[in-house]
Every structure is written in C-alpha cells, then in structure tokens.
Amino acid sequence: MGRDVPALTFTREDRRRYRIKMQLCLDALAQMLRESRFEAERPQVGLEIELNLVDDRGEPAMRNTDALEAIADPAWDTELGRFNLEINIAPRQLTEGGPDAWESEIRAALNHAEQRARSIGTHLIMTGVLPTLRHEDVGEGALSENPRYRLLNDQIFAARGEDLHIEVTGIDRLRTYADTITPEAACTSTQFHLQVDPEDFAAYWNAAQAVAGVQVALAANSPFLFGKELWHETRIPLFEQATDTRPEEIKVQGVRPRVWFGERWITSVFDLFEENLRYFPALLPLCDDQDPAETLLRGDIPDLGELTLHNGTIYRWNRPVYAVSRDKPHVRIENRVLPAGPTVADTLANGAFYYGLTRGLVEEERPVWSRMSFSAAEDNLRTAARYGIDARLYWPGMGEVPAAELVLRRLLPLAHRGLELSGMDDAWREPLLGVIEQRCVTGRNGAVWQKEMFHHIDATAHCGRHEALRRMTQQYIDYMHLNAPVHTWPVE
C-alpha cells in the first residue's frame with residue numbers, strides 16, 4: 001500500500017460508499033477487459049528493493065526520514081519501519097540497453113544512496129531480515145512517521161481485536177506477541193514486476209505461482225529473527241502472521257488471510273480482483289470523486305482508485321496490479337516472494353531466472369498448472385521457506401526431488417529458453433543464469449552463508465549470540481559491496 005492517506009477514522013457510511021465504489025470499479029475493469037483497452041505492445045519489467053538502515057556497528061538505525069532527506073531522490077521512499085527504506089527502479093523493457101545497463105543503473109542508485117546515508121552515520125543493507133534486529137526494535141516507536149502506516153496499524157488491530165501472536169519453530173523456537181504491526185517491518189523484500197497482455201495474464205500468474213517455492217528455495221536469505229535461528233526464509237511466516245487481521249476463532253471458520261498464496265489456478269486477471277472484493281473487507285475505505293463508468297463513457301481511462309487501494313491491502317505473494325501510465329492502462333504481476341539481497345548480482349540473477357522461467361512455462365504445450373495441484377504449489381512455498389536450498393519440492397513428472405536437482409535438470413533449461421524467446425542472447429543469459437546454476441552446484445545461498453558464518457564466529461570467538469550476529473552482519477555488508485554473488489562468499 002504505497003499511497004499516502006490522511007490520519008482519520010471511518011464511519012459505517014464510509015464503508016457503505018466504499019463497497020459501492022469498489023463494485024463500480026470492478027464493473028469498469030470488466031468492461032475494459034472486454035474492449036481490450038490495455039497497453040500490450042511494449043511490455044516492461046520493474047523492480048522494487050526494500051532495504052534496512054544500520055549504524056556503523058551493524059545495529060538497526062531508526063533514521064529513515066533523515067536518510068531520505070540526505071538521499072534526496074524521488075525514487076526512494078520510506079517503508080513501514082523507521083529502519084527501512086525502499087527504492088523503485090524505473091521500469092524498462094527486459095532487453096533494453098544491453099546486458100550491463102540495468103545492473104549499472106541499480107548499482108549507481110544504491111551506491112549514491114549509501115554515500116549520502118553514510119553522511120548521517122547510517123548504512124544500507126539488502127537482506128530478508130536484519131540479523132541484528134531485536135524484539136525491542138519493533139515496538140510502536142519504530143513505526144514510520146507517514147500517517148498511512150499508523151492508519152493501517154489501527155485498522156488491522158481494530159479488525160483483529162487482540163494482540164498479534166507470532167510463532168515460528170526452526171532450529172530455535174520463537175513465540176511472542178506484538179501490539180503493533182511493526183514486526184512486519186523486519187521483512188524486507190525484492191519485488192519483480194512483469195507487465196503482460198491481459199489475455200496472457202492468467203498463464204503468467206499461474207506460472208509464477210507454480211515456481212514460487214523454487215524461487216524461495218534458491219534465494220532464501222532470512223534465517224535469523226530476534227536473535228533466533230529459525231527458517232531459511234523466516235520472512236515468509238513472519239509476514240503472514242504480522243499482518244493477520246484474524247483472531248483464532250475467525251481462522252478456524254476458514255476466513256482467508258490477507259497475506260495469501262491463493263486457493264486456485266485462475267483463468268483471468270479479473271478472477272483475482274473479484275476475489276478481493278468477495279473475500280476481504282476494506283481496511284482503508286477511502287473514496288475519490290471519479291466515477292469510473294462516466295470516465296469510460298468520455299473515452300478516458302479511470303484510475304480505479306478504490307479497487308487499487310483495496311488491492312494494496314491484500315498481500316498476495318503474486319499480486320495483480322492495475323495502473324495507468326502515459327494515459328494507457330496496463331496490468332502486471334508483482335512477484336513478492338523473494339527477500340532482498342544479498343547483492344545486486346544475485347538480485348539480477350533471480351530476476352533473469354524468474355522472467356525466463358515464467359516465459360518458458362507459458363510457452364510449454366501442456367501447462368504445468370494443468371499437471372500440478374494448486375495445493376502442491378503452496379506446499380512447495382512453505383517447504384522452501386523452511387528448508388531453503390535443501391528443500392525437497394514436488395514437480396510433475398519428477399515427483400519430490402531436491403530443489404537444486406529440479407532446477408539443474410528441468411527448470412534452468414526452461415529459463416534459458418524463455419529468455420531466448422524474450423530476445424536475450426546467449427552471451428547475456430549465461431552470466432545471469434550461471435549464478436543460479438552455481439548456487440545449485442555449491443548449495444550456497446544467502447541463508448546458508450549467514451548460518452555458516454554465524455556458527456563460525458560463535459564457535460571461534462565465544463562472544464555471545466548477538467555479538468556473533470553483529471559481526472556476521474558487518475562481514476555481510478562488506479561482501480555485499482563487492483557485488484560478488486553470495487555462492488562465492490568465504491566463511492572465515
């Protein structure tokens with residue numbers, strides 16, 4: 001939910017008007033889909049990266065407002081916690097500018113931001129969960145100043161009626177309660193956007209759902225939370241629990257969670273927006289003055305403000321997005337399953353694998369989602385989050401196999417094929433997908449390195465758990481700036 005909203009309270013009348021406006025927006029969307037009014041000739045990709053702010057010791061720094069002022073770039077914005085920032089990289093066509101153009105742009109933006117952040121005594125780190133974060137760092141005082149976060153917090157707890165219960169069991173066990181949604185700020189992600197023709201949306205979304213578990217297994221980077229060693233991608237269960245509006249009694253009644261994988265393969269992008277209205281009450285019932293039907297009748301393009309605001313408060317791991325750019329509407333998939341980091345090189349390799357694999361799966365004669373149950377895809381995501389690159393995942397025709405074997409034998413060739421169909425030549429593809437291949441060969445991703453480095457420090461320095469996590473975090477930052485893929489990072 002990136003839109004700024006005022007601090008206010010809502011009445012029953014507000015909710016009634018909002019429900020009516022959302023239905024009008026949905027009707028307008030249906031009409032636009034029937035009339036093929038969408039931009040489809042120049043599909044683009046996009047990227048958002050959420051980062052953590054730390055001080056010189058690698059401890060969380062609650063200074064995102066100061067850092068944002070120092071960076072002074074509209075591409076940057078605050079996130080939920082005072083120790084978070086987010087950068088939106090300008091959208092582009094996948095093969096625009098040559099093989100090094102996107103990496104150079106991203107590294108230049110991050111290096112500039114790091115230089116400016118350093119001037120106020122802070123630093124940026126790309127990781128799924130900041131290892132040095134303690135429970136006391138995510139209290140009410142850590143909530144960012146923007147009123148939209150306070151309003152969202154208040155509405156979630158009004159719907160829930162009680163404190164959040166967070167429980168994750170891995171190597172260690174975490175059981176705690178929270179009276180704000182600020183623990184969600186511990187979750188920092190990489191979000192890949194993929195614009196598609198509405199006619200192709202269902203196929204690409206289904207493909208993205210099918211490979212979500214594979215993505216997480218390869219790129220897991222969140223093994224520690226509040227000093228405890230938990231899942232390889234602890235960010236997944238934490239995010240699910242930290243924004244849950246349902247008390248236990250509502251859960252057992254089958255009410256859907258707002259952080260949601262979904263429950264079925266789809267046939268149209270309309271399915272997802274229609275589910276949003278059918279299953280989820282509004283958290284932020286704010287109406288604008290635009291009448292979408294009248295706007296269409298004039299020949300103009302509606303913003304569908306209520307529909308998009310509501311969509312922004314439903315956290316699908318692959319979220320549909322409707323937007324208007326250069327006076328033309330488009331739809332895209334926001335892929336939200338991956339953690340941030342460890343490096344720009346790793347990030348772009350993850351992106352190449354995702355874009356290539358989804359294209360390769362869409363082009364297959366018999367779609368994978370016709371051979372795989374939806375529940376199997378969801379089980380893959382949860383298994384991958386828990387066990388990372390060591391996970392065993394289900395795939396049609398192979399059964400349950402190690403994630404690395406699945407990628408090397410079946411999915412990496414498909415990703416190469418998909419990128420080739422997208423116009424990316426072999427000399428460009430090989431370095432990017434080669435990073436994915438070597439991760440599988442070495443069995444090392446960000447989570448594995450963090451765990452190994454922590455235990456190495458803990459065993460040799462005998463300095464205490466938090467101090468070992470702090471030293472590991474500082475080493476992580478040093479390697480991150482070298483931009484060597486994480487599978488090459490030493491443990492020493």
Side-chain angles (χ1 to χ4, degrees), residues 42-53 67-68 70-77 85-119 122-128 188-195 215 218-219 221 325 332 334-335 338-357 359 415-416 418-420 422-439 445-446 476-489:
R42 290 171 48 86
Q44 295 185 314
V45 298
L47 174 63
E48 300 174 58
I49 304 174
E50 298 168 353
L51 303 99
N52 289 291
L53 277 174
L68 206 60
I71 294 169
D73 185 334
W76 290 84
D77 201 356
L85 285 178
E86 177 183 271
I87 182 171
N88 289 270
I89 305 297
R92 63 192 297 119
Q93 291 183 284
L94 183 60
T95 56
E96 179 183 330
D100 300 322
W102 213 17
E103 179 172 2
S104 297
E105 178 185 346
I106 296 166
R107 290 194 70 190
L110 293 178
N111 288 340
H112 167 76
E114 167 65 20
Q115 181 181 20
R116 300 307 300 269
R118 194 178 298 163
S119 70
T122 62
H123 306 273
L124 299 172
I125 175 173
M126 294 192 297
T127 184
T188 41
S189 66
T190 298
Q191 297 157 23
F192 289 109
H193 290 252
L194 176 60
Q195 181 186 335
Q215 287 181 273
L218 291 179
N221 195 29
S325 178
R332 64 182 189 264
E334 182 185 25
N335 178 250
L338 292 181
T343 66
V344 174
D346 288 299
T347 300
L348 291 181
N350 293 338
F353 183 68
Y354 167 68
Y355 292 131
L357 183 54
R359 175 70 183 269
H416 272 285
L419 291 179
E420 183 181 22
S422 300
M424 191 178 289
D425 64 32
D426 185 68
W428 190 346
R429 297 193 311 269
E430 282 293 343
L432 289 167
L433 294 183
V435 171
I436 301 298
E437 180 181 20
Q438 287 305 305
R439 260 192 237 154
N445 58 16
Y476 181 107
I477 293 172
D478 289 343
Y479 288 147
M480 180 188 76
H481 285 302
L482 295 177
N483 200 39
V486 70
H487 70 265
T488 67
W489 291 10

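Start at 1 with the first residue, then count along the sequence.
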Please identify which of these residues, F353, Y355, W102, meets the ring-ring contact (aromatic ring centres under 6.0 Å, His included) condition with F192. Y355
Distance, nearest 0.5 Å, that separates CD of Q44 from CG of L194: 11.0 Å
Looking only at non-hydrogen atoms, find the nearest pair between L432 and A349 and report the distance. O-CB, 3.4 Å
Test side-chain contact (heavy atoms from CB on, under 4.5 Å) applied to N350 and Q215, step by step: CA-CA 8 Å; N350 293 338; Q215 287 181 273; over 6 Å; no
When you look at L419 and L94, which way does the side-chain contact (heavy atoms from CB on, under 4.5 Å) test go after all the steps? CA-CA 9 Å; L419 291 179; L94 183 60; 4.1 Å; yes
If you measure only the distance, is there a donor-acceptor pair under 3.5 Å linking the side chains of H193 and E48? yes
Give, for atom CD1 of I125 and atom OG1 of T188, the distance between the pair rounded to the nearest 0.5 Å. 8.5 Å
Enter the distance from T347:OG1 to L338:CG here, rounded to the nearest 0.5 Å. 9.0 Å
What are the two closest non-hydrogen atoms of H112 and I71, and how far apart are they? NE2-O, 3.4 Å
Nearest 0.5 Å, please: how far is CD in E96 from CD in E105? 8.5 Å
For Y479 and W489, take the angle between the two ring planes, folded into 0 to 90°, and tell me which bin it lands in: parallel under 30, tilted 30 to 60, perpendicular over 60. tilted
Atom pair CD (E50) and CG (N88), whose distance is rounded to the nearest 0.5 Å: 9.5 Å
Evaluate side-chain contact (heavy atoms from CB on, under 4.5 Å) for Q191 paired with N335, printing each intermediate quantity in order. CA-CA 5 Å; Q191 297 157 23; N335 178 250; over 6 Å; no
Would you find a donor on one side and an acceptor on the other, under 3.5 Å apart, between the side chain of T190 and the backbone of P339? yes
Measure the spacing between CD1 of I477 and CG of L482 and express it to the nearest 0.5 Å. 12.5 Å
side-chain contact (heavy atoms from CB on, under 4.5 Å), paired with M126, selected from D346, V344, N221: V344
Write down the atom of A340, the atom of I49, and the distance for their closest heavy-atom approach. CB-CG2, 4.4 Å
Has the side chain of T122 got a donor or acceptor atom that lies under 3.5 Å from a matching backbone atom of R118? no
Which heavy atom of R359 sits nearest to which heavy atom of S422, and what is that distance? NH1-OG, 3.3 Å
With distance as the sole test, does R116 use its side chain to make a donor-acceptor pair with the main-chain N or O of A72 at under 3.5 Å? no
Exercise: identify the closest heavy-atom pair between A67 and L85: CB-CD1, 3.9 Å
Scanning both residues in full, the closest heavy-atom pair of L433 with A352 reads CD2-C, 4.1 Å
Compare all side-chain heavy atoms of Y354 with those of L218 and state whether any distance is below 4.5 angstrom. no
Output yes when a side-chain donor or acceptor of E114 lies under 3.5 Å from a complementary backbone atom of L124, and no otherwise. yes
